[in-house]
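Since the structure comes first, as structure tokens, the remarks are kept for the end.
In what follows, every heavy atom counts, from backbone to side chain, and hydrogens, waters and symmetry copies are set aside. Within every chain, numbering begins at 1; the chains are lettered A, B, ... in the order of the sequence lines, protein sequences first and strands thereafter.
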Amino acid sequence: MTRRGRGLLLLLVLASAIPLMAQTQDERITQLENKLDELLRQAEAIRTELRAMKPSGAAPASGAETATAEDLTKVEEVQTAAPEAGAAPQSLETVQPVENQVSPGAAKALNPDISVIGTFVGHAGDRNEFDERPNLGLDEAEVAFEAFIDPYAKGKFFFSAGPDGVEVEEGYAQFVTLPWGLTAKAGKTKATFGKANTWHTHTRPWIDQPLMITRFFGDEGLNDVGVSVSKQIDNPFGAFLEATGEIYGDNFYNTHLKFFRDLTENSNIEVGTSWARNADHDRFGGVDVTYRWKPLERSIYNSMIVRFEGLGDRGKTFDRTLYGYYLSADYQIARRWFAGARLDRADRAFEDSRAVDRAVSATLTFWPSEFSQIRGQLRRTSIDNGPSFNEFLVQLQFAIGAHGAHAF
Amino acid sequence: MKRTLITLALTLLACVAPPTTAAAAEAGGPTHKLNVITTTSDLASITQEVGGDRVTVTSIARGYQDPHFVEPKPSFLLLLKDADLLEVIGLDLEIGWLPPLIDQSRNPKIHRGAAGYLDVSRGVEILDRPQGEVNRSMGDVHPLGNPHYWLDPANAVRIAMQVEKKLEELQPADAAFFQTRLNTFKSRMNDADKRWRAALAPFKGAKVITYHNSWPNFMRRYGLNVAGYVEPKPGVPPSPSHTFELINLIKQQSVKVILMEPYFDHKTPQSIADRTGAKLVVLYPSVGGAKSGTDDYFSLMDINVAALVKALQ
């Protein structure tokens, strides 16, 4: 082939390739355009999903970095609600798989609050025949479970494990949305008789129970399975007035009237009266008075509570009315230190005698934190027609888990 | 005659009958006053700004007491019993005292999740959300984030917006009234924030010590740095070893100011100030924190910014 012929052939080949190249270029451009469109769609879809998945109130880093919101008239609420319907991808061709982030707490959201409060007590001094304790022992481990049952009621269980085994200290449903100003509890509860009878071990300001409780109601106090209904009563004194009626399984009835009033911003007084009757037709009448002082500006450092509680028991068993009372004062010396004293007097109601026991106690409490405390108590108990016991009790108490605040 | 009598009776009735809610709203007068209870005085102040004379607002905690530790007294139950709305700071600030009050309030309207319950933390910027495990060895830490967020004026505006929305929901007849007041509040807050920014601008980046971690939102907004805390851990009183470390830190980093809330003891921070030459300044974290001069959110911030500027000069 001549040079001219080779040039012509090359030209022909090139000429034939031109449409092919143009076609390839067009295809590639179309493909690229399609890819670009696809990418844009995907980017939009990702943006939409990111908006939807953005955690509520995303926490910016703390520090000296100045906040960005310069114009407060343009500030927007930090959204915690679900994304609006319009934020969903429009085309189903662009739907992407969603990788839901599992919130660490979500799986436990419906679990009850669980807490354990351990109380260990050491004892030194005379052996008190009415309150025998080992030199060192577990006084109680209270295990508590609390949660809403449904929109109408809360469920609360308090198990008490001690040297004598495990028992349900309290376990009840508390109905918190009743009409007519009512609240109610149904289940095993401590009777609303005075103040000391209603306290759990860890809410007492002392290591032991007052004689008034142990001599009349035993170590566990007055409690049973039943129903308790309370009503708040409007009154012209600007006071909180609440009447409580309780019926327990074994033909045991209890009523309580509570009067509370602020005296000043820093002080208040509470007066209660109780009346109960048990299956043996023993009738108990009680009165409790509590004065509290807590200056608000120093509320975490200083406070004082003075308490008096007394009861009378008139029943078929005895030919006379039996009495018991305690008078106590507790003063918060510093943020973590408390000192207190208590006087006790009680007829020995659990046996057929005319014995009257008396006691005097002094306490000193240290709180390493809100969740633990160390308490010492010096106690001198004078037994009627018997010896006096001088004892030193020391208590270590600590809480783990989420323990709901108790009523005032 | 009968028709005349009926017409007369209806006319008389129309004259003596009180105006309807809609008519009152149309006339610009107050309709029904919503009874709002707030857990803190800051929420009360902001709600009053938005609600004006269409709301009655009462705070449970006083501005000069530690809002973590409020006694759940029965007298508060009397407040809650008749509340149309309960506003809370949330993030577990009130966990130690509010739940038993709500349970015993005998007012289902204000139970958590009900229409009359507003947790304003849901719509604000929250700092110090713990990452990873949270336990009590870290002190009385808030697992959901720092609850002292109201001290950033931007969050105050966000709180106001949520309050406005809720008031509007509870009392739609006054929607326009609440909206107008919200806009006024935003505008006033914006002007005030410019003033506070300008006052603190010369001290941007300055380091301070605070007693408790109450000021992260405030410091972030105004470009100040918290170099350390008097408390070794949240809610834990200062220990001698931590105090010694803090004194060294203040000297090394030339920190000029120690800030404390009015309800903490002066003794330790004053001692640190004496040993380092730093100034001890009381800042008020809540409306009403000082017995006078902190009557609302604006005056609270005015007094705090002025005190801070004076100390940093």
Does a side-chain heavy-atom distance below 4.5 Å link B:Leu77 with A:Phe260?
no
Whatever's closer than 4.5 Å to a heavy atom in chain B on A:Phe175 counts as neither
What part of A:Ile300 gets within 4.5 angstrom of chain B, counting heavy atoms only: side chain, backbone, both, or neither?
side chain
For a side-chain contact (heavy atoms from CB on, under 4.5 Å) check, start with the C-alpha distance between B:Phe264 and A:Tyr301, then their side-chain angles and the critical distance, and finish with the verdict.
CA-CA 8 Å; B:Phe264 287 124; A:Tyr301 296 101; 3.7 Å; yes
So that I can tick it off, tell me whether A:Asp262 and B:Lys73 are bridged by a salt bridge, with the cut-off set at under 4.0 angstrom between side-chain N and carboxylate O.
yes
Considering only heavy atoms from C-beta outward, does the side chain of B:Asp265 approach that of A:Arg298 to under 4.5 Å?
yes
Rounded at 0.5 Å granularity, tell me how far CD in A:Glu76 sits from CD in B:Glu125.
12.0 Å
Which one wins on heavy-atom pair count under 4.5 Å against chain B: A:Gly238, A:Ser230, A:Ser299, A:Pro295?
A:Ser230
Counting only heavy atoms closer than 4.5 Å, note whether A:Ala402 contacts chain B via side chain, backbone, both or neither.
neither
To check you understand the geometry: which heavy-atom pair defines the closest contact between A:Arg335 and B:Gly235, and what is its length?
NH2-O, 3.4 Å
Using a strict cut-off of less than 4.0 Å between a Lys/Arg side-chain nitrogen and an Asp/Glu carboxylate oxygen, indicate whether B:Arg62 and A:Glu297 qualify as a salt bridge.
no
A:Leu182 versus chain B, the contacting section by heavy-atom distance below 4.5 Å:
backbone
What residue in B:Val157, B:Leu78, B:Asn135 has the most heavy-atom pairs under 4.5 Å with chain A?
B:Leu78
Counterpart residues, side chain to side chain donor-acceptor pair (under 3.5 Å), relative to B:Arg112 (two or more places apart):
B:Tyr117
Toward chain B, the part of A:Ser369 with a non-hydrogen atom under 4.5 Å:
neither
With a 4.5 Å limit on heavy-atom distance, are the side chains of A:Val78 and B:Arg158 in contact?
yes
Atom CH2 of A:Trp199: over 12 foreign heavy atoms under 6.0 Å
yes
Are B:Asp140 and A:Glu370 packed together at the side-chain level, in the sense that at least one heavy-atom pair is separated by less than 4.5 angstrom?
yes
Among B:Tyr263, B:Tyr64, B:Trp97, which has the most heavy-atom pairs under 4.5 Å with chain A?
B:Tyr64
Restricting to side chain to side chain donor-acceptor pair (under 3.5 Å), what partner residues turn up for B:Lys81, sequence neighbours left out?
A:Asp234
Any side-chain heavy atom of B:Arg106 sitting closer than 4.5 Å to one from A:Glu242?
yes
Compare all side-chain heavy atoms of B:Pro74 with those of A:Lys258 and state whether any distance is below 4.5 angstrom.
yes
Checking heavy atoms, do the side chain of A:Arg336, its backbone, both or neither come under 4.5 Å from chain B?
side chain
Can you tell me which portion of B:Phe185 sits under 4.5 Å from chain A's heavy atoms? Options are side chain, backbone, both or neither.
neither
With rounding to the nearest 0.5 Å, note down the distance linking CD in A:Glu77 to CZ in B:Arg122.
10.5 Å
B:Lys291 versus chain A, the contacting section by heavy-atom distance below 4.5 Å:
side chain
Under the side chain to side chain donor-acceptor pair (under 3.5 Å) rule, what pairs show up with a residue in residues 146-158 of chain A, not counting sequence neighbours?
A:Lys154-B:Asp103, A:Lys156-A:Gln174
If the contact rule is any heavy atom under 4.5 Å from chain B, which residues of residues 265-272 of chain A qualify, in numerical order?
A:Glu265, A:Asn268
Would a 4.5 Å heavy-atom cut-off, applied to side chains only, mark A:Leu72 and B:Lys186 as touching?
no
Please report the interatomic distance OG(A:Ser303) to CD(B:Glu71), rounded to the nearest 0.5 Å.
7.5 Å
